[in-house]
Amino acid sequence: MKARRVERRSQIKIIADILDAIVKVGDARVTYILTAANLSYDRLQRYLNLLLRQGLILERVENDVKIYSITKKGLDFLREFKRIEEFAKAFGIPV
Amino acid sequence: MLRTFYLFNMFMDWLSAIIFFAVGYLAYRGLKLTKAKIFLFHTSGFMLQFLGLLTHGIVMLTVFLYYPLTGTFPKLKLVFLVFSIAKMVYYILTAVGYLIIALGYALRKSEKYRILSTAPILPLILNTNFEAFNSALTLVLVLEAAAVYLENRERGSLKILMAFILMFISHALSLIAIIGTLELIFIAARISRYVGAILFLMFLRGVLRRVEG
């Protein structure tokens with residue numbers, strides 16, 4: 001039986017996926033990001049803390065629920081990543 | 001007509017240089033963002049192509065501005081010399097650039113056709129570039145040797161001329177053989193090179209005999 005190879009996402013790709021998920025809805029809850037970015041709760045928390053430290057996202061609390069939104073810096077990062085991803089794809093470079 | 005062609009060439013050189021710089025710069029941004037070393041190959045490969053074209057473009061522009069293509073022979077001789085050097089720099093940088101980009105492709109991870117696509121490409125790039133380069137160089141040597149032979153009509157000069165002609169044929173045939181993957185032509189190229197080497201040997205033997213005599 002052939003073993004199915006699972007492609008591992010790079011850290012930068014995971015960050016881009018999280019940002020992309022937030023951009024799609026504007027204000028995103030953790031549960032939404034979890035499914036959209038396909039991450040475990042612990043890993044997502046680590047990444048969200050990293051993104052907050054880097055100033056790529058903002059966090060606010062509404063009715064005891066944490067809501068995340070993207071900053072201008074985050075949008076710029078996502079735009080740059082998508083450009084590079086497109087370039088890399090053309091050359092067959094995995095990002 | 002010549003002037004139009006020259007201007008077109010110069011324009012295309014500068015345009016291509018800008019394009020390659022842009023591609024190289026984008027690859028550099030990819031390197032900066034992702035820290036993936038594979039981008040380094042694409043950055044350096046395209047930047048070398050850019051530098052090669054830039055060198056050539058600068059020489060073309062300088063010649064166009066300061067040495068118009070009409071003039072006395074000594075002036076034209078200098079122009080052609082500068083052109084030859086610029087061309088050489090351009091070809092070397094282009095060849096190395098292609099090679100580095102090919103290496104970048106070879107280092108791609110987890111691609112189904114990786115080995116299939118890169119294994120024949122690397123030697124092909126190396127061989128075609130160097131064979132084309134060597135063909136041009138040996139052609140220059142043939143012309144120089146022919147000029148010497150026409151001047152002195154010596155048997156030694158004739159041997160050298162014949163040897164260089166065979167060397168040139170060898171490189172040109174190799175290039176055709178690599179591009180067309182023609183085995184027989186490749187064998188003919190090899191034979192031509194060996195005969196050329198034997199002619200050099202005969203020349204050496206003649207020289208040594210004369211010295212001994």
Side-chain angles (χ1 to χ4, degrees), chain A residues 1-24 33 36-39 43-44 46-58 70-95, chain B residues 16-50 52-53 94-126:
Chain A
M1 202 174 89
K2 269 187 185 174
R4 217 187 87 206
R5 201 181 62 210
V6 180
E7 290 277 334
R8 286 196 62 184
R9 278 184 297 173
S10 62
Q11 191 181 356
I12 200 146
K13 175 76 178 139
I14 295 169
I15 290 172
D17 284 347
I18 295 170
L19 293 175
D20 208 26
I22 298 172
V23 164
K24 269 180 192 152
I33 306 170
N38 194 23
L39 285 168
R43 282 189 85 191
L44 179 64
R46 275 209 307 273
Y47 278 108
L48 287 175
N49 287 335
L50 176 79
L51 295 181
L52 281 168
R53 277 201 309 274
Q54 298 286 328
L56 298 174
I57 56 169
L58 288 172
I70 196 161
T71 61
K72 192 189 169 296
K73 194 179 169 189
L75 269 176
D76 289 343
F77 174 87
L78 191 61
R79 217 171 286 140
E80 175 77 353
F81 176 81
K82 287 200 169 166
R83 219 175 278 146
I84 297 303
E85 193 183 33
E86 198 65 28
F87 175 86
K89 210 188 285 171
F91 282 98
I93 304 170
V95 179
Chain B
S16 314
I18 293 165
I19 292 168
F20 282 135
F21 177 80
V23 177
Y25 179 66
L26 208 57
Y28 167 72
R29 274 171 44 177
L31 172 74
K32 229 173 103 178
L33 188 78
T34 63
K35 309 271 184 280
K37 283 193 184 95
I38 197 160
F39 278 109
L40 189 65
F41 287 89
H42 290 76
T43 308
S44 16
F46 281 104
M47 283 303 178
L48 282 173
Q49 303 260 349
F50 157 70
L53 282 163
T94 305
V96 178
Y98 282 137
L99 184 67
I100 292 173
I101 295 168
L103 283 172
Y105 271 113
L107 290 173
R108 278 187 310 154
K109 274 191 284 181
S110 63
E111 284 295 325
K112 207 170 159 188
Y113 301 109
R114 199 189 99 192
I115 293 164
L116 202 76
S117 62
T118 52
I121 284 172
L122 265 177
L124 184 75
I125 287 168
L126 265 173

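Scope of the values below: all heavy atoms of this structure, side chains included, with no hydrogens, waters or symmetry mates. Letters go in sequence order (proteins before strands), and every chain restarts at 1.
Pairing each heavy atom of B/Leu33 with each of A/Ile84, the nearest pair is CD2-CG1, 4.1 Å. In plain terms, the two heavy atoms of B/Phe39 and A/Ala88 that are nearest each other are CZ-CB, 3.7 Å.
At a heavy-atom separation below 4.5 angstrom, chain A is approached by B/Val23, B/Leu26 within residues 16-26 of chain B.
The parts of A/Phe81 that come within reach of chain B are both its backbone and its side chain, each placing non-hydrogen atoms under 4.5 angstrom from that chain.
Taking a 6.0 Å sphere around OH of B/Tyr28, one finds it holds 12 or fewer heavy atoms contributed by other residues, nucleotides or ligands.
With rounding to the nearest 0.5 angstrom, the CZ atom of A/Phe87 is 10.5 Å from the CZ atom of B/Arg29.
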